[in-house]
Number of protein chains: 2
Amino acid sequence: MTSLPARCCAPIAAGRLDDSQAQATAEVFKALADAHRVKILNLLANSREPVCVCDITDSMELSQPTVSFHLKKLVSAGLLNREERGTWSYYSIDGDALKDLDRIFQTKERTRTR
Amino acid sequence: MTSLPARCCAPIAAGRLDDSQAQATAEVFKALADAHRVKILNLLANSREPVCVCDITDSMELSQPTVSFHLKKLVSAGLLNREERGTWSYYSIDGDALKDLDRIFQTKERTRTR
DNA sequence: ACCGTTCATCGACGTTTATCAATGAAAGGA
DNA sequence: TCCTTTCATTGATAAACGTCGATGAACGGT
């Protein structure tokens, strides 16, 4: 495991990945490898509007610093976007990232429409 | 995070998950949250035949116990199948698991054809 | 100019993880 | 019956991770 960064989400089942692709893929999965982060992603994936940290915190049984910690991981992985409005921070799903991810488990024999 | 086990792979963007679904989803991502395991999965997803531990080990820069450790995690997550042949163990992708996973990032507005 | 709210970061802590060398179990020859 | 090969498990260790309370920065209202 030596190579340098690659972009995420080459399909796993449609040809061999090199080390750097495997690494990039693992980074994204690491961001999702926690039930609290899955909940956050799910919350934001199902909300039309961006959501502030306070509301995310209210919806989880975690302290605010811990929520911020998880949010940071999700942003770093490219899954969320962060937007400041005055004292507030609003977070939202990155739709493009989601679209990329939606290709990752595709198998060779499969196609997709609209 | 209190609830009991659920089965994996409810779509993240098509409605809210309860705690146990989020937990189940995170478990699968945990199994994928390591570059070596992504490589193993990729190797097996692209090989027609099951592959023995020795050949998997040869293809990676890891000791055999460490490879077995990773294989165990992937089997526990339901992503791989294990099959014994004499002294050998052969591993292969679980096609159904892969199919389930392929739905996890689907968005509401999307359909799929073969 | 003050105060309250919102949020990120820091420091500390306990837990989980990845790794290897050593060991052990089971099968297949010679 | 012994030796070799294959693989899983164990024990040890270092690194990464999730969590919280405390702190501090920035904004907005009074």
Side-chain angles (χ1 to χ4, degrees), chain A residues 1-3 19 22-44 49-77 79-92, chain B residues 1-3 19 22-44 49-77 79-92:
Chain A
M1 216 80 340
T2 44
S3 330
D19 283 1
Q23 184 66 48
T25 298
E27 287 309 319
V28 175
F29 287 140
K30 265 184 238 207
L32 295 167
D34 178 281
H36 293 127
R37 290 198 290 273
V38 170
K39 278 189 76 172
I40 292 174
L41 198 76
N42 174 246
L43 170 66
L44 297 176
E49 301 297 323
V51 181
C52 68
V53 177
C54 49
D55 285 347
I56 300 176
T57 301
D58 283 350
S59 81
M60 323 231 354
E61 294 177 337
L62 285 179
S63 70
Q64 173 267 314
T66 300
V67 171
S68 283
F69 164 83
H70 288 307
L71 287 168
K72 189 174 190 176
K73 294 218 158 192
L74 290 167
V75 170
S76 298
L79 298 172
L80 298 186
N81 295 124
R82 176 172 180 272
E83 172 195 353
E84 305 208 20
R85 299 188 201 161
T87 317
W88 285 261
S89 289
Y90 282 81
Y91 287 85
S92 54
Chain B
M1 218 77 345
T2 43
S3 330
D19 284 0
Q23 184 65 49
T25 298
E27 287 310 318
V28 175
F29 285 135
K30 264 183 238 207
L32 293 167
D34 178 281
H36 293 126
R37 290 198 288 273
V38 170
K39 279 189 76 175
I40 292 173
L41 199 75
N42 174 246
L43 170 65
L44 296 177
E49 302 295 324
V51 181
C52 67
V53 177
C54 48
D55 285 347
I56 299 175
T57 302
D58 284 351
S59 82
M60 323 230 357
E61 292 177 340
L62 286 178
S63 70
Q64 173 266 314
T66 300
V67 171
S68 282
F69 164 83
H70 288 307
L71 287 169
K72 189 175 189 176
K73 294 219 158 190
L74 291 167
V75 170
S76 298
L79 298 172
L80 299 186
N81 295 123
R82 176 169 180 274
E83 171 194 355
E84 304 208 22
R85 299 187 201 162
T87 316
W88 285 261
S89 288
Y90 282 82
Y91 287 84
S92 54

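On a predicted model such as this, the values are computed, not experimentally measured, just so you know. Excluded from the calculations below are hydrogen atoms, water molecules and symmetry mates; all remaining heavy atoms, backbone and side chain alike, are included. In the text below, chain A, chain B and the rest are named by the order of the sequence lines, each starting its count at 1.
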Trainee: Indicate whether OP1 or OP2 belonging to dT6(C) is found under 4.0 Å from a side-chain N or O atom of Y91(A).
Mentor: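 Negative; the distance criterion is not met.
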Trainee: Think K73(B) has a side-chain N or O under 4.0 angstrom from the OP1 or OP2 of dA18(C)?
Mentor: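 K73(B) to dA18(C) OP1/OP2: side-chain N or O found under 4.0 Å.
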Trainee: Does a nitrogen or oxygen in the side chain of H70(B) sit under 4.0 Å from OP1 or OP2 of dT17(C)?
Mentor: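 Indeed not, no polar side-chain atom of H70(B) lies that close.
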Trainee: Nearest whole Å is fine: how far is dT16(C) C1' from D34(B) CG?
Mentor: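 To the nearest whole Å, that distance equals 14 Å.
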Trainee: Any side-chain N or O of T66(B) less than 4.0 Å from the OP1 or OP2 oxygen of dC20(C)?
Mentor: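 So the side chain of T66(B) is within the cut-off, an N or O lying under 4.0 Å from OP1 or OP2 of dC20(C).
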Trainee: With the side chain of T87(B) defined as its heavy atoms from C-beta on, choose the nearest nucleotide among dA26(C), dC7(C), dC7(D).
Mentor: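 Of the candidates, dA26(C) comes closest.
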Trainee: So, is S89(B) near the phosphate of dT6(D), with a side-chain N or O under 4.0 Å from OP1 or OP2?
Mentor: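 No.
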Trainee: Any side-chain N or O of S63(A) below 4.0 angstrom from OP1/OP2 of dC20(D)?
Mentor: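 Checking dC20(D) against S63(A), a side-chain N or O does come within under 4.0 Å of OP1 or OP2.
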Trainee: From CG of L62(A) over to P of dA8(C), roughly how many Å is that when rounded to an integer?
Mentor: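 Atom-to-atom, L62(A) to dA8(C), this comes out as 14 Å.
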Trainee: Grab the CD-P distance between E84(B) and dC7(D) for me, whole Å please.
Mentor: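 After rounding, the reported distance stands at 10 Å.
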Trainee: Report the C-alpha distance between T25(B) and N42(A) in whole Å, list the side-chain angles of each, state the deciding distance to 0.1 Å, and finish with yes or no for side chain to side chain contact (heavy atoms under 4.5 Å, CB included).
Mentor: CA-CA 11 Å; T25(B) 298; N42(A) 174 246; over 6 Å; no
Trainee: Expressed in angstrom and rounded to an integer, what is the separation of Q64(B) atom CD from dT23(C) atom P?
Mentor: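 Distance, rounded to whole Å: 15 Å.
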Trainee: Does a side-chain N or O of S68(A) approach OP1 or OP2 of dA8(C) to a distance below 4.0 Å, or not?
Mentor: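 Yes.
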Trainee: Just the rounded figure in Å: distance from P of dA18(C) to CZ of F29(A).
Mentor: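 Atom CZ in F29(A) sits about 15 Å away from atom P in dA18(C).
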Trainee: Nearest to the side chain of P65(A), heavy atoms from C-beta on, is which of dC20(C), dT9(C), dC7(D)?
Mentor: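 Per side-chain heavy atoms of P65(A), the pick is dT9(C).
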Trainee: Between L32(B) and V28(A), is a side chain to side chain contact (heavy atoms under 4.5 Å, CB included) present by the stated rule, with each step listed?
Mentor: CA-CA 9 Å; L32(B) 293 167; V28(A) 175; over 6 Å; no
Trainee: What is the separation between atom CG on L71(B) and atom C1' on dA8(D), rounded to the nearest whole Å?
Mentor: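 Rounding to the nearest Å, CG of L71(B) and C1' of dA8(D) are 11 Å apart.
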Trainee: Hey, does M60(A) have a side-chain heavy atom less than 4.5 Å from the side chain of I40(A)?
Mentor: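 In contact.
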Trainee: Where the side chain of R37(A) is concerned, which of dA8(C), dG18(D), dA21(C) is the nearest nucleotide?
Mentor: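 It is dG18(D).
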Trainee: Check the phosphate of dT6(C) against R85(A), side-chain N and O only, distance under 4.0 Å to OP1 or OP2. Yes or no?
Mentor: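 Checking R85(A) against dT6(C): no side-chain N or O falls below 4.0 Å of OP1 or OP2.
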Trainee: Less than 4.5 Å apart, any side-chain heavy atom of L74(B) and any of L44(B)?
Mentor: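 L74(B) does not reach L44(B) side chain to side chain.
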Trainee: Is the shortest side-chain N/O distance from K72(A) to OP1 or OP2 of dC7(C) below 4.0 Å?
Mentor: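 No, because none of the side-chain N or O atoms of K72(A) sits under 4.0 Å from OP1 or OP2 of dC7(C).
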Trainee: Hey, is the main chain of K30(B) close enough, under 3.5 Å, to the side chain of R37(B) for a donor-acceptor pair?
Mentor: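 At least one qualifying donor-acceptor pair exists.
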Trainee: OP1 or OP2 of dA8(C) less than 4.0 angstrom from a side-chain nitrogen or oxygen of R82(A), does that happen here?
Mentor: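 For dA8(C), OP1 or OP2 has a side-chain N or O of R82(A) closer than 4.0 Å.
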Trainee: Separation of L74(A) atom CG from dA8(C) atom P, in whole Å?
Mentor: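 Going from CG in L74(A) over to P in dA8(C) covers 13 Å.
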Trainee: Whole angstroms only, please: what is the CZ-P distance between F69(B) and dT13(D)?
Mentor: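 Checked: the CZ to P distance equals 18 Å.
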Trainee: Would you call the rings of H36(A) and H70(A) parallel, tilted or perpendicular if under 30° counts as parallel and over 60° as perpendicular?
Mentor: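 The rings of H36(A) and H70(A) sit tilted, inter-plane angle from 30° to 60°.
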